[in-house]
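This is a predicted model, so every value here is computed, not measured.
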Amino acid sequence: MSSRQLTREELAIDPVDAAQLLLGSFLEAGDVRVRIVEVEAYRGGDDPASHCYRGKTPRNEVMFGPAGHLYVYFVYGMHFCANVVSLVDGVPGAVLLRAGEVVDGEDVAFSRRPASRSAAELAKGPARLCKVLGLDRTSNGLDLTSASSPVRLYAGDSVGEVRSGPRVGVAVAMDVPWRFWIDSPAVSTYKRGGKRRPTNVV
């Protein structure tokens, strides 16, 4: 496994490109290391599904840069989700970390998610990924490119074929194909967002 941390310069790119760069990379927090296998890209003012679409707020200000920082938010009143900030300072963009494979610290991961039936389920989904890594609102804003950070991001090896499709669970821009994943049993289940369409009755 790589011991080279990704740099701010490598991550200061379009979120769509950063998303694919992050596939196969490793996120490490304490004794747990996860290999990223599924991500989603979010831009700012031109992406209605982004938290930054309507401008900067205290909640989303980390997304405005600089690149390489961790953007953690609370959702549904119960879960945390983690993103890697991309683009240049002042221009919002981030990549949601949707799923990963636990490659170190499996015992710790299972202690945090004892209901998991297999190793593949430990970080299968963004909330589960945060749970096994111990990420919460205190992790928001951490610099993943710093060697002294409690949470660090490391480069990965070549991942082979990268697949893409619509993002999961968003209320707008449902068909934008900015979800990217590689072959892994840890990739999460696709759930379309938006209002459900009526079923045609013949």
Side-chain angles (χ1 to χ4, degrees), residues 1-11 13 15 17-41 67-73 79-86 94-165 167-168 178-190:
M1 286 178 283
S2 173
S3 60
R4 183 182 74 80
Q5 282 184 260
L6 286 170
T7 67
R8 199 174 321 285
E9 291 73 24
E10 287 176 292
L11 295 165
I13 55 178
D17 297 321
Q20 295 170 78
L21 172 69
L22 288 171
L23 288 172
S25 67
F26 299 92
L27 192 65
E28 184 175 283
D31 294 328
V32 181
R33 179 181 274 217
V34 170
R35 179 177 182 253
I36 303 302
V37 299
E38 182 186 6
V39 294
E40 283 178 348
H69 285 258
L70 194 64
Y71 168 48
V72 179
Y73 64 87
H79 300 305
F80 290 100
C81 295
N83 302 253
V84 177
V85 175
S86 62
V95 178
L96 173 65
L97 305 178
R98 280 206 55 84
E101 300 167 345
V102 176
V103 295
D104 275 326
E106 193 173 280
D107 290 346
V108 176
F110 269 111
S111 73
R112 291 172 174 167
R113 293 207 65 253
S116 297
R117 293 172 294 180
S118 68
E121 289 190 355
L122 283 169
K124 189 174 186 174
R128 295 176 180 183
L129 186 149
C130 278
K131 186 74 173 178
V132 301
L133 287 166
L135 304 180
D136 57 24
R137 59 172 47 91
T138 65
S139 310
N140 187 49
L142 290 176
D143 185 357
L144 302 174
T145 68
S146 170
S148 62
S149 175
V151 185
R152 297 166 302 282
L153 183 63
Y154 296 92
D157 298 323
S158 175
V159 296
E161 181 183 4
V162 173
R163 301 177 184 178
S164 66
R167 294 176 290 192
V168 176
W178 287 354
R179 179 171 67 101
F180 301 93
W181 68 94
I182 56 179
D183 185 35
S184 169
V187 171
S188 64
T189 303
Y190 173 70

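- Looking only at distances, a side-chain donor or acceptor of Asn83 sits under 3.5 Å from a matching main-chain atom of Tyr71.
- Distance check: Tyr154 OH to Ser3 OG gives 8.0 Å after rounding to the nearest 0.5 Å.
- Taking 4.5 Å as the limit, some side-chain heavy atom of Leu96 sits within range of a side-chain heavy atom of Tyr73.
- Without hydrogens or angle criteria, Arg113 side chain to Glu121 main chain gives a donor-acceptor distance under 3.5 Å.
- With Gln5 contributing its side chain and Ser146 its backbone, the two residues share a donor-acceptor pair below 3.5 Å.
- Closest approach of Phe80 and Arg137 over heavy atoms only: CE2-N, 3.4 Å.
- Although no hydrogens or angles enter the test, the distance criterion places no donor-acceptor pair under 3.5 Å between the side chain of Glu106 and the main chain of Ala119.
- Contact annotation: the side chain of Phe26 never approaches that of Ile36 to less than 4.5 Å [non-hydrogen atoms, C-beta and beyond].
- The CD atom of Gln20 sits 9.0 Å away from the CD1 atom of Ile13 when rounded to the nearest 0.5 Å.
- Closest approach of Ser139 to Leu70, counting heavy atoms only: O-CD2, 3.7 Å.
- Across every non-hydrogen atom of Ser149 and Asp143, the tightest pair is CB-O, 3.0 Å.
- Interatomic distance, Leu6 CG to Leu21 CG, rounded to the nearest 0.5 Å: 5.5 Å.
- When the options Val187, Val39, Leu23 are evaluated for a side-chain contact (heavy atoms from CB on, under 4.5 Å) with Ile182, the one that passes is Leu23.
- In terms of heavy-atom proximity, Ser86 sits nearest to Ala18 at CB-CB, 3.9 Å.
- A pairwise comparison of heavy atoms in Val32 and Val132 identifies CG2-O, 3.6 Å as the closest pair.
- Looking at Phe180 and Leu22, their side chains never come closer than 4.5 Å, going by heavy atoms from C-beta outward.
- Leu133 places none of its side-chain heavy atoms less than 4.5 Å from the side chain of Val151.
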Should Val34 and Val103 be marked as a side-chain contact (heavy atoms from CB on, under 4.5 Å) after you check the CA-CA gap, both sets of side-chain angles, and the distance that decides it?
CA-CA 6 Å; Val34 170; Val103 295; over 6 Å; no

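- Distance alone, capped at 3.5 Å, places no donor-acceptor pair between the Arg152 side chain and the Ala147 backbone.
- Asp31 is not listed as a side-chain neighbour of Asp107, based on a closest heavy-atom distance of 4.5 Å or more.
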Let's go through Glu10 and Thr7 carefully: what are the C-alpha distance in whole Å and the side-chain angles of both, what is the deciding distance for side-chain hydrogen bond (donor to acceptor under 3.5 Å, both in side chains) to 0.1 Å, and is it a yes or a no?
CA-CA 5 Å; Glu10 287 176 292; Thr7 67; 3.2 Å; yes

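- Across Val72 and Asp136, no two heavy atoms sit closer than the pair CG1-O, 3.5 Å.
- Residues Leu11 and Val95 form no side-chain contact, since every pair of their non-hydrogen atoms from C-beta on lies 4.5 Å or further apart.
- Taking 4.5 Å as the limit, some side-chain heavy atom of Arg179 sits within range of a side-chain heavy atom of Tyr190.
- Panel note: side chain Glu40, backbone Val168; a donor-acceptor pair is recorded below 3.5 Å.
- With Glu101 as the partner, the salt bridge (charged side-chain N to carboxylate O under 4.0 Å, His left out) test is satisfied by one option alone out of Arg35, Arg128, Lys124: Arg35.
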